[in-house]
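In what follows, chains are A, B, ... by sequence order, proteins preceding strands, each numbered from 1. Only this structure's heavy atoms are used, side chains among them; waters, hydrogens and symmetry mates stay out.
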Amino acid sequence: MPTEFTPLSALAGGALIGLAATWLLATIGRIAGISGVLNNALESGDGRGWRLAFLAGLVLAAGAWFALTGATPRSGFPWPLLLAGGLLVGFGTRLGNGCTSGHGICGLARLSRRSLAAVASFMAAGFATVFVVRHLLGVAA
Amino acid sequence: MKRIVHAAIAGLLFGLGLAVSGMTNPDKVLNFLDLAGHWDPSLALVMGAALAVALPGYRWVRRRDRAVCGDPLPAMPATGIDAGLLGGSALFGIGWGLAGYCPGPALANLAHGTPEAVVFVAAMLAGSQLARVLAART
């Protein structure tokens, strides 16, 4: 389904994300990598408080924006792709130790070579996957 | 208590940023990854703006020796690039390209309360546990 290029809201939202990451580092010295925050929130008793507060804030703010703007969620997406996608995202972010926020924003902001390699890897895989799914297999475009 | 408040503020900013930027819309993400199709460059600007703030922001924080609440700052990142990093990131990228969600937007979409978000997040948690279990065995 085609979507519009929205440069202004992209820039504004991106800046907010960058601010959020900086805030977390500046105030409590933590990295705003969502996969890590989530995994540790569930598995580590130590630091569960701040992690749950962070994640709750994330969901709340997004929900408030959805309500304010009347945003509607996607529906009708093939559930096998949702399942496979979720499994791979969960597995891969654990194995690779980060995601788009952990490596892509925080890691790059720290000038981490590891994160640069991770970003190159997941971006290439993302582009290739969409090409295969949409243009070779003709699914879910 | 203060740490929880700061974390909540950071989370609110993060969630707002995700929603405002449109990254909670998986169609916009997939269209960014769809170079051969309905290409939507928005995600590139989101990352660019985030880094435009976080790069100087992180550098500024680094000049201090403690966080505002007194916590130590994280050590400099490790430099080793191994198969786990590359392979794991590739698998993540495949999953991202299949459904258009990465962890942050997936959680944010729980606010919509739709089965789609719940299914994806549940699968994500399962995949994460699987990786954890396998890693513990090797």
Side-chain angles (χ1 to χ4, degrees), chain A residues 1-3 6 10-11 13-29 34-35 49-50 53-54 57-59 61-63 65 73 81-96 99-100 105 109-110 112-113 117-118 121-122 125-127 129-130 135, chain B residues 3-4 6-8 10-17 19-21 27-28 31 33-34 36 38 40 42 45-46 49-50 53-55 57-58 61 67-69 71 73 77 81 84 86 88-99 102-104 108 111-112 114 119-120 123-124 127-128 131:
Chain A
M1 171 165 166
T3 54
T6 51
L11 290 172
L16 282 168
I17 292 171
L19 178 63
T22 303
W23 191 283
L24 196 68
L25 188 73
T27 56
I28 66 173
I34 306 301
S35 64
W50 78 258
F54 179 86
L58 191 161
V59 178
W65 188 259
L81 292 184
L82 283 176
L83 276 176
L87 280 167
L88 286 167
V89 166
F91 192 94
T93 53
R94 171 85 69 162
L95 183 59
C99 58
T100 42
I105 295 166
R110 303 166 84 196
S112 163
R113 284 178 48 205
S121 181
F122 68 66
F127 285 126
T129 299
V130 171
H135 300 284
Chain B
R3 300 172 82 243
I4 288 185
H6 280 301
L12 287 166
L13 289 169
F14 200 103
L16 185 63
V20 166
S21 66
D27 288 325
K28 282 183 77 68
N31 285 342
L33 295 172
D34 190 1
H38 317 289
D40 180 346
S42 300
L45 292 197
V46 180
V53 174
L55 265 159
Y58 267 39
V61 175
V68 166
C69 290
D71 305 75
L73 295 175
I81 293 168
L86 294 177
S89 299
L91 291 174
F92 160 52
I94 294 172
W96 191 37
L98 287 177
C102 59
H112 275 306
T114 53
V119 166
F120 185 90
M124 187 173 77
S128 181

Could you have a look at [options] and say which one has the most heavy-atom pairs with chain A under 4.5 angstrom?
{"options": "Leu33(B), Val68(B), Leu12(B)", "value": "Leu33(B)"}
{"options": "Leu13(B), Thr114(B), Leu73(B)", "value": "Leu13(B)"}
{"options": "Gly84(B), Gly11(B), Ala8(B)", "value": "Gly11(B)"}
{"options": "Ser42(B), Ala108(B), Ala111(B), Cys102(B)", "value": "Ser42(B)"}
{"options": "Gly104(B), Ser89(B), Ala19(B)", "value": "Ser89(B)"}
{"options": "Cys69(B), Gly97(B), Gly93(B), Ala90(B)", "value": "Gly93(B)"}

[X] side chain to [Y] backbone, donor-acceptor under 3.5 Å:
{"X": "Ser121(A)", "Y": "Leu86(B)", "value": "yes"}
{"X": "Thr93(A)", "Y": "Val89(A)", "value": "yes"}
{"X": "Asp71(B)", "Y": "Ala67(B)", "value": "no"}
{"X": "Asp27(B)", "Y": "Pro2(A)", "value": "no"}

*Measure Val46(B) against the heavy atoms of chain A and call it side chain, backbone, both or neither at under 4.5 Å.*
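Contact with chain A is through both the backbone and side chain of Val46(B).
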_For a 4.5 angstrom cut-off between non-hydrogen side-chain atoms, does Thr100(A) reach Phe122(A)?_
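Yes, side chains in contact.
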_If we define contacts as heavy-atom pairs under 4.5 Å, which of Ala117(A), Ala109(A), Ala15(A) has the most with chain B?_
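The option with the most such pairs is Ala109(A).
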*Aromatic ring pairing Trp96(B)/Phe92(B), orientation class (parallel under 30°, perpendicular over 60°, tilted between)*: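 Parallel.
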